[in-house]
2 protein chains.
Amino acid sequence: MKVSDRIILLQETLKNEHIDYYMIPTSDFHNSEYVSGYFKIREYFSGFTGSNGTLVISHDHAGLWTDGRYFVQAQKELEGSGIELFCMFEKGVLSIKEYLEQNMDDGEVLGFDGRVVTASYALNLEKALCNKNIKFKYDMDIAGGLWEKRPAIPASPIMILSEEICGQNVGEKLTLIREEMKKHQCSAHLLTKLDDLMWLFNIRGKDIECNPVAFSYGYITMTDAYLFVQKQAVSDDLKQYADKWKITLNDYDEIEEFLENVTVQGRILMDEKSVNCRLYGIVKDSAKIINAPNPSEKLKAIKNPVELEHMEKVYLKDSVAVTRFIYWLKKNIGKTPLNEYSASMHMDELRREIDGFLDLSFPTIGAYKENAAMMHYEATEAVNKELKPEGMFLVDSGGQYMGGTTDVTRTIVLGEISDIIKKHFTAVAVGMLRLSDAKFLYGCTGRNLDILARGPVWDMGIDYKCGTGHGIGYILNVHEGPQNIRWRYAEDAKEAVIEEGMVMSNEPGVYKEGSHGIRIENVIVAKNSEKNDDGQFMHFDTLTYVPIDLDGIDISVMQPKDIERLNDYHKKVYDKVSSYLNDEERDWLREVTRMIGASDKL
Amino acid sequence: MKVSDRIILLQETLKNEHIDYYMIPTSDFHNSEYVSGYFKIREYFSGFTGSNGTLVISHDHAGLWTDGRYFVQAQKELEGSGIELFCMFEKGVLSIKEYLEQNMDDGEVLGFDGRVVTASYALNLEKALCNKNIKFKYDMDIAGGLWEKRPAIPASPIMILSEEICGQNVGEKLTLIREEMKKHQCSAHLLTKLDDLMWLFNIRGKDIECNPVAFSYGYITMTDAYLFVQKQAVSDDLKQYADKWKITLNDYDEIEEFLENVTVQGRILMDEKSVNCRLYGIVKDSAKIINAPNPSEKLKAIKNPVELEHMEKVYLKDSVAVTRFIYWLKKNIGKTPLNEYSASMHMDELRREIDGFLDLSFPTIGAYKENAAMMHYEATEAVNKELKPEGMFLVDSGGQYMGGTTDVTRTIVLGEISDIIKKHFTAVAVGMLRLSDAKFLYGCTGRNLDILARGPVWDMGIDYKCGTGHGIGYILNVHEGPQNIRWRYAEDAKEAVIEEGMVMSNEPGVYKEGSHGIRIENVIVAKNSEKNDDGQFMHFDTLTYVPIDLDGIDISVMQPKDIERLNDYHKKVYDKVSSYLNDEERDWLREVTRMIGASDKL
């Protein structure tokens, strides 16, 4: 069935159900950023494959909202579907809320599956539409019911991580959570965010592609801890582990029933930004809800020394693989037939060989020439571009290892590139290195620092329509909060102060639709520098050590300090990586990490 | 009477009045930043002369809270008073709110004069203390009643500005205000902020030193405008002017009575951050209050083309005076006896000679050597430091002219300075020039940009404990909102997006207690650059053209781009200023604005 036919079928069902507008976000019961097949309803009804997007369907219209990473891709994928694209956050483009405010008539009905919409989103929408007497119907998964051959919810076996890997056992972590609950004067805490649950219980799953999480819920009191997981995911080891730590294992499907019957003594802590509105609805009548970020969010973001030690090792191995990939690509380009997909597969193979490899941390982005202008492009075996000894190939990739999650991007020059592209490349490299070299006072958020990376790109009258960096999980999701590096925030967004031990990506870029895309991404970790009367100074250490392609550098537009930063970085790359390479690779690495000077012609 | 005796007297009165804690902020009925003599009660009871500070007195304790600009000065001035200094915003130092929360006992009484405390401050305090059943008593000026020989409230004649000077008449401005009132669905607007009132009615006063404002209130409806001013301030011209624009003139003292009797049709707009709690209390029972910034705040901050044209001219004249001052100082140092005070007086004289001069925009800060570490130091004829041909002299000064308000700081090298001081000086100059040269997207606030100026100072492990820049009025207060350039904000502070036409200071610094202080300050105005698919880019134009002392520059720590920025700036200084100088001064200016290169020894 074509996408347009699926929409017509849905519209007919909506009419029968007396629903005027129906909203299909991209989410699961846990507000996960990436979702497993069962939850890809928006993709089924729109054909748009990006990781973020919301479809709103009325009886005679369908609109898709997505963010700057996907404008180009969505435009392509929506062709012929009849769906109107709404470019989120662009000037003059209605938000979903504004669209509904302007288009819904008094007394109409808005439908959605309440399990895949967060409480805060629904409450917000309710407020915005309150003047219009809009009815919300969210107890049915209407779109899901029309999906033929819908995949099942995955239930992979749950893995238990050792204390040697985690640095803290679940008992210690529960103590920290309970301390935070006390600060909020709460006696209970409902935790539904999957990566927070994995972190807290020192377990991992495989239920979402590239995200080592298991579908689960948690309910914590001052004395007890309940973990709700799928029956099929539970091994004897997990039962013993739960016994040891006095964790009650319940069935995943029983969470609603449990919440209906449990008696909360006092107040319950939950994050309305991640708890879905079905669960929120159950709890709100029986207990006083304290809406605050999950305490685990910040605790998880601040990596402990054991985690950081493992990450350093893992990042080095990962850097070696990416370095070897670049060597392989540079050597074979123009000689062996290569395309975006086959090259990406080779990158994945090199990574799979690494000791402790578990999975990719996201599907590798291998994008050639103008395809790299799509920030989250993914080539397939069927549709991809042949690589030639010209232009640039952007590879954004990462792995899940027993010891850390990686994320790295290099843009590799395959042959001739124009002077203007070199200037773009150089600005991106300079920005990335300036942010890595930042010195700042404790108290800064990503908003204070973003311009260090973005400035060189802004100076050319260019912007990249995304943040400069995101937090990175530990054997967990490649995107995590609360910290990030952006220059602007949604009105109600809380900005997180950068704390020692927080790990972030640093990935400025230039994206020119139809022409080229450049992104250079290292991962950095915040560390304390000196403390004096003026405060606690901080800096970043770098975890990623992969050469930055000197073929893309126009030294004439660099300041000596920027050249020094690049040389210093390359010296470290050589020092750390070279011993893991064969002679041929090492000779090459020596050449591509050579010191450059103002007098060099590159 | 000594300060300590004044406090004892006040404490006795508090006991008699059954008040346990009494708060004396530094404010007037309009929450003005600077206050005229009548309102300097905090100074009378503490001896601390800084422009910001709050005294809290209980039966057995007195504490003074002030901000980073004044820590050094306050410590000095409080000596022997028995008053404890609380350094605001420093780690581990209680805020006033926290202090009261921790120290006040259940059921105690907190007193203050409700006319000098804003509604938002009082509401906030009420919330914080609500668990303790604290009673607020704010209908009496108890401290004021004990003040012997208290000065009167000034009432200088009100001046009317021409349309040629303002670029917009009061009718046009009222239309803009009423449009904003409509957006808030308000039919009335109570305006109590003095500079906003001056801007709106195109009038000026002289009631606060250096701030050309008249004590006044405004009440605007969709059809009427009421201006409350002191009888003695009203001339026949003002009466005619009011008639012409259909403005009803009322007596300043009648505002409370007026508000008690007026009937608000619907909702009233007022800024709880500037309306005092006495007036708030009168209005709140009779009308629905919409709390939002005064519409005039942003309208006033965005200078119109006529204002900007006048400012450019005025800033050039002002720059010439400062340049001539530097020449004079450099020529006479070591030859003529000079001290901080006499040198500052000479600066003021040069400014007074300028066509259109009305007043200083703040008392000139002339601070030598370690005195410059006090950000707002003011030398007096009695207490000052002799200038010698060594170290540095910081001069921060500005004027009120018919055509603009200026603010400029230069730190002038009088002789030998250490290498480390040169590095500090250079970092400050580099930071100031980098911020002036920023290119950024519309949507940025000062928080995004602050690090451009502060970064070079942070790189040395040093911070300056104040913002980098503040908005500047037009023939008005030298500090105005809503925009500013800071790296962090109070929790509830709104950050203003930088709009084309906003004028700001750019004044990074280094302050080393007991050693030296450096500040270099230009005034900049935000302008639109190119607009493209990525958004509206912006940049700053500079209004100030005064040489930056090359004797303080260590070129070895500058990047070529920073040297280029300094050279470009100095070329413009020479081109703009030289024709207003005599031959001797011009020869000197040519020398001190000479291009410098990496090979130069300075």
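Each chain gets a letter, A, B and so on, in the order the sequences are listed, and its residues count up from 1. Below, all heavy atoms of this structure are taken into account, side chains as well, without hydrogens, waters or symmetry copies.
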**Student:** Looking at Lys132(B), I want to see if its NZ is surrounded by more than 12 non-hydrogen atoms of other residues, nucleotides or ligands under 6.0 Å.
**Tutor:** yes
**Student:** When rounded to the nearest 0.5 angstrom, what distance separates CG in Asp534(A) from CH2 in Trp458(B)?
**Tutor:** 11.0 Å
**Student:** Could you tell me which non-hydrogen atom of Phe537(B) sits nearest to which non-hydrogen atom of Asp463(A), and how far apart they are?
**Tutor:** CZ-N, 4.2 Å
**Student:** Are there over 12 heavy-atom neighbours, none belonging to Glu90(A), within less than 6.0 Å of that residue's CD?
**Tutor:** yes
**Student:** Check whether more than 12 heavy atoms from other residues, nucleotides or ligands sit under 6.0 Å from atom CD of Gln75(B), and answer yes or no.
**Tutor:** no
**Student:** Answer with side chain, backbone, both or neither: which region of Phe440(A) has an atom nearer than 4.5 Å to a non-hydrogen atom of chain B?
**Tutor:** both
**Student:** Under 4.5 Å from any heavy atom of chain B, what part of Asp450(A) do you find: side chain, backbone, both or neither?
**Tutor:** neither
**Student:** Using heavy-atom distances under 4.5 Å, tell me whether Lys561(A) contacts chain B through its side chain, its backbone, both, or neither.
**Tutor:** both
**Student:** Rounded to the nearest 0.5 Å, what's the gap from CZ on Arg447(A) to CD on Glu495(B)? Could you check?
**Tutor:** 4.5 Å
**Student:** Which atom pair, heavy atoms only, marks the closest approach of Asp533(B) to Lys465(A)?
**Tutor:** O-NZ, 3.6 Å
**Student:** Against chain A, label Gln559(B) side chain, backbone, both or neither, depending on which of its atoms sit under 4.5 Å from a heavy atom there.
**Tutor:** both
**Student:** Should the heavy atoms of other residues, nucleotides or ligands under 6.0 Å from NZ of Lys439(B) be counted, would the total exceed 12?
**Tutor:** yes
**Student:** How far does CZ of Arg488(B) sit from CG of Leu441(A), to the nearest 0.5 angstrom?
**Tutor:** 7.0 Å
**Student:** In Å, rounded to the nearest 0.5 Å, how long is the span from CG of Asn448(B) to CG of Asn448(A)?
**Tutor:** 8.0 Å
**Student:** Given that the side chain runs from C-beta out, which part of Glu564(A) has a heavy atom under 4.5 Å from chain B: side chain, backbone, both or neither?
**Tutor:** neither
**Student:** Which of the residues Leu449(A), Ile462(A), Leu452(A) is involved in the greatest number of heavy-atom pairs with chain B at under 4.5 angstrom?
**Tutor:** Ile462(A)
**Student:** Under 4.5 Å, counting heavy-atom pairs only, tell me which of Gly535(A), Cys444(A), Gly455(A) racks up the most with chain B.
**Tutor:** Cys444(A)
